[in-house]
Amino acid sequence: MRSLPEADPGVPDLRSPLRYLWWNARRQMPQLLAGIGFATLWWLVQALMPAVLGKGIEAVTAKDTRALLMWASILLGLGLLQAFTGIMRHRMAVYNWLAAAYRTVQLTSRHAARLGATLPKRLSTGEVVSVGNSDIAHIGSSMDILLRGVGSVVAVVTVTVILISTSLPLGLLVLFGVPLMAVAVGPLLRPMHSRQRVQRELSGELSTRAADIVAGLRVLRGIGGEQVFAERYRAESQRVRHAGVRVAGIESVLEGAQIVLPGLLIAIVTGIGATFAVAGEIPTGQLVAFYLYAVFLIGPMRTFTEAADKITKGHVAAGRVIHILSIEPEMTGGTGSSEGGVLRDSYSGVTLQPGSLTAVAASTPDDAAAIADRLGRYAEGDVTFGAVELRTLPIDQVRSRILVADNGARLFNGRLRDELDVRGGADDDEVRAALHAACATDIVDALPEGLDAEVAEAGREFSGGQQQRLRLARALLSDPEVLILVEPTSAVDAHSEARIADRLAKARAGRTTMICTTSPLVLDRAEHVVYVEDGRVLAEGTHRQLLDTSPQYAATVTRGED
């Protein structure tokens with residue numbers, strides 16, 4: 001069943017991945033700033049510890065008990081403060097990760113609902129699924145790394161100032177060494193960005209392939225084609241694997257750089273500091289502090305390269321999200337209004353009188369489906385609803401008043417009662433009445449939990465005919481002003497089809513209904529039958545009248561039999 005909820009006014013007009021990441025950051029700015037504050041304090045506390053420890057060693061060397069107790073107390077206080085800020089930093093990091101990730105889920109889900117029938121025409125299933133599987137994690141991580149990234153910059157600046165105030169050569173070494181290491185990993189980012197994008201696209205294609213195979217497994221086994229498709233899937237999965245290996249190759253170089261470059265800086269700082277200590281230019285406590293500073297710098301330096309990696313991945317993921325958000329619905333509405341009345345498709349000539357049950361029989365099923373799409377505003381067409389053109393009505397009003405139910409509709413996972421009563425306002429009697437009209441009561445009665453039974457994904461526990469009858473019950477329970485059914489009985493047996501035809505006419509008595517079908521059982525119960533050939537109305541009347549007066553109609557509905 002096709003439906004389209006009201007458009008979300010909160011979706012931003014974003015044109016680039018960086019704008020999307022910045023928009024996310026602004027939406028959670030208080031929490032982001034709080035996290036940056038805790039992360040900065042956390043790093044600063046760690047940056048001050050080597051200096052305090054060095055002072056403590058100097059107090060031991062000088063045998064100054066009072067100074068030793070004082071510096072030990074300060075070190076204890078810094079340790080407690082580090083524990084508190086570390087806990088809060090992590091809490092805020094998790095909050096910002098979840099906020100950015102699931103805001104992305106909300107935006108894409110709402111926009112997908114807004115796109116309605118446009119989405120599957122423009123994007124594959126794998127592309128949409130990949131957003132929820134991997135992209136949200138990368139976007140969340142790009143927000144998370146901002147906390148430690150900003151704090152690490154402050155920490156490096158603080159250490160540099162301390163080193164310069166203690167030893168100008170060592171301070172200048174750190175001051176120039178850190179930017180040089182950042183520049184050294186820069187050439188790795190562009191190829192990593194490109195390889196990650198390729199892997200992301202291949203993963204989306206593979207997800208689509210897997211969904212297609214699972215959905216059509218019964219058919220593939222029937223024609224013996226499962227091995228062929230398994231080989232195709234295996235070949236595509238190898239392409240994804242090779243793309244992942246290429247990404248891992250450059251990421252491994254980046255990870256290695258996170259160890260080698262800071263380690264090289266540590267060795268140089270420690271070596272120069274040891275030379276100064278041997279020459280007597282600095283005391284032993286300061287030498288220990290210099291070494292600890294050099295070791296401490298590994299953390300901020302690794303954070304710099306980690307930030308480059310995660311922001312790059314976040315940029316790629318945000319690009320995929322922007323691609324989805326940039327898609328506009330094919331059908332838009334106006335601001336007009338209509339009191340209802342005759343629904344007419346000018347191109348074909350099909351006219352639905354208010355309160356009547358009209359059947360449309362077409363020589364080609366696609367012609368009937370095209371008419372249903374135009375009448376339901378899923379395709380452009382010159383359609384009038386009462387005295388106004390259908391295109392001038394708001395799209396949400398069209399969706400609430402005109403329902404097109406075809407066999408492409410799905411049963412979703414969840415409680416069966418909720419699946420049938422999608423608007424949530426029907427009582428048990430109304431649900432039972434809809435099931436009775438769709439000849440689906442036996443389906444529910446056979447379930448141990450009845451209407452409270454859980455429906456599996458795509459209603460796979462039901463046969464094709466059972467799914468069709470449940471979808472028909474759902475459409476009847478929605479009770480729209482105009483109901484358009486496309487081949488609603490194509491998968492049921494003749495006995496059930498005859499009962500559905502009788503009950504459907506009674507259930508929709510006094511309301512506008514159109515049924516696209518070539519079933520004689522259904523056509524015989526319709527008040528008015530329209531025969532369409534080559535997309536145009538060729539004959540109209542009752543089923544029996546058309547059998548006598550239209551050879552083309554008779555040949556279509558009787559399949560050439562007498």
Side-chain angles (χ1 to χ4, degrees), residues 1-2 116-118 120-121 330-331 341-354 356-393 398 402-409 468 472 475 482-492 497 501 504-505 508 512-562:
M1 185 183 305
R2 305 171 185 174
T118 302
K121 297 178 182 178
E330 293 178 339
M331 298 297 109
V342 176
L343 183 63
R344 175 179 171 79
D345 174 34
S346 298
Y347 177 80
S348 64
V350 172
T351 302
L352 305 184
Q353 296 295 333
S356 66
L357 175 61
T358 303
V360 174
S363 58
T364 304
D366 288 345
D367 289 341
I371 293 171
D373 283 344
R374 290 197 294 271
L375 291 175
R377 188 90 180 110
Y378 288 101
E380 287 291 351
D382 185 9
V383 179
T384 56
F385 191 26
V388 302
E389 293 185 0
L390 191 63
R391 66 167 63 93
T392 63
L393 301 182
V398 174
I402 303 174
L403 173 62
V404 178
D406 57 21
N407 289 318
Q468 190 174 55
L472 177 57
V482 179
L483 176 60
I484 299 174
L485 302 172
V486 181
E487 298 290 349
T489 60
S490 59
V492 300
E497 187 175 33
L504 183 59
R508 291 292 298 175
T512 307
T513 307
M514 185 183 93
I515 306 175
C516 299
T517 183
T518 55
S519 167
L521 291 173
V522 179
L523 292 168
D524 194 36
R525 270 72 170 182
E527 300 173 23
H528 187 69
V529 178
V530 178
Y531 176 62
V532 174
E533 191 168 275
D534 296 330
R536 308 287 180 133
V537 173
L538 187 63
E540 296 185 64
T542 65
H543 171 62
R544 298 184 184 277
Q545 288 173 346
L546 292 179
L547 285 177
D548 295 333
T549 59
S550 175
Q552 298 93 331
Y553 174 81
T556 298
V557 301
T558 62
R559 281 72 170 177
E561 299 176 0
D562 290 338

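Small disclaimer: the values here were computed from a predicted structure and weren't measured.
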Heavy-atom closest pair (Glu497 atom, Thr489 atom, distance to 0.1 Å) is OE2-OG1, 2.8 Å

For residues 526-546, the salt bridge (Lys or Arg N to Asp or Glu O under 4.0 Å) pairs (sequence neighbours left out) are Asp524-Arg544

Closest non-hydrogen contact found for Thr556 with Ala362 is CG2-O, 3.7 Å

Inset, instruction - Taking the side chain as every heavy atom from C-beta outward, state whether Val350 and Arg374 have any atom pair closer than 4.5 Å. - result: no

When every non-hydrogen atom of Pro354 is compared with those of Gly341, the smallest separation belongs to CG-C, 3.5 Å

Across all chains, not counting sequence neighbours, the salt bridge (charged side-chain N to carboxylate O under 4.0 Å, His left out) partners of Arg508 are Asp479

Exercise. With the side chain counted from C-beta on, respond yes when Tyr553 and Leu523 share a heavy-atom pair under 4.5 Å apart, and no when they do not.
Key: yes

Residues Pro520 and Val557: closest non-hydrogen pair is CG-O, 3.4 Å

Less than 3.5 Å apart, any donor N or O on the side chain of Gln552 or Ser363 sitting next to an acceptor on the other? no

One should read off an interatomic distance between Glu380 CD and Arg391 CZ, to the nearest 0.5 angstrom, of 6.0 Å

Side chain to side chain contact (heavy atoms under 4.5 Å, CB included) test vs Ile402 passes for just one of Leu483, Thr512, Leu375, Val482, namely Val482

CG of Asp382 to CG of Asp345, rounded to nearest 0.5 Å, is 8.0 Å

Side chain proximity check, Ser346 to Val383, heavy atoms < 4.5 angstrom:
no

Between the CD1 atom in Ile484 and the OG1 atom in Thr358, the distance rounded to the nearest 0.5 Å is 10.5 Å

Query - Thr542 side-chain N/O to Gln545 backbone N/O, donor-acceptor pair under 3.5 Å - result: yes

Note: Glu330 and Thr118 closest approach over all heavy atoms is N-OG1, 3.0 Å

Applying ring-ring contact (aromatic ring centres under 6.0 Å, His included) to His528 and not counting sequence neighbours gives none

Given side chain to side chain contact (heavy atoms under 4.5 Å, CB included), test Arg377 with Leu393 step by step and report yes or no.
CA-CA 10 Å; Arg377 188 90 180 110; Leu393 301 182; over 6 Å; no

Residues Ala539 and Leu546: closest non-hydrogen pair is CB-CD2, 3.7 Å

Between the CZ atom in Phe385 and the OG1 atom in Thr392, the distance rounded to the nearest 0.5 Å is 11.0 Å

### Query
So do the side chains of Asn407 and Ser490 get within less than 4.5 Å of each other, counting heavy atoms only?
yes

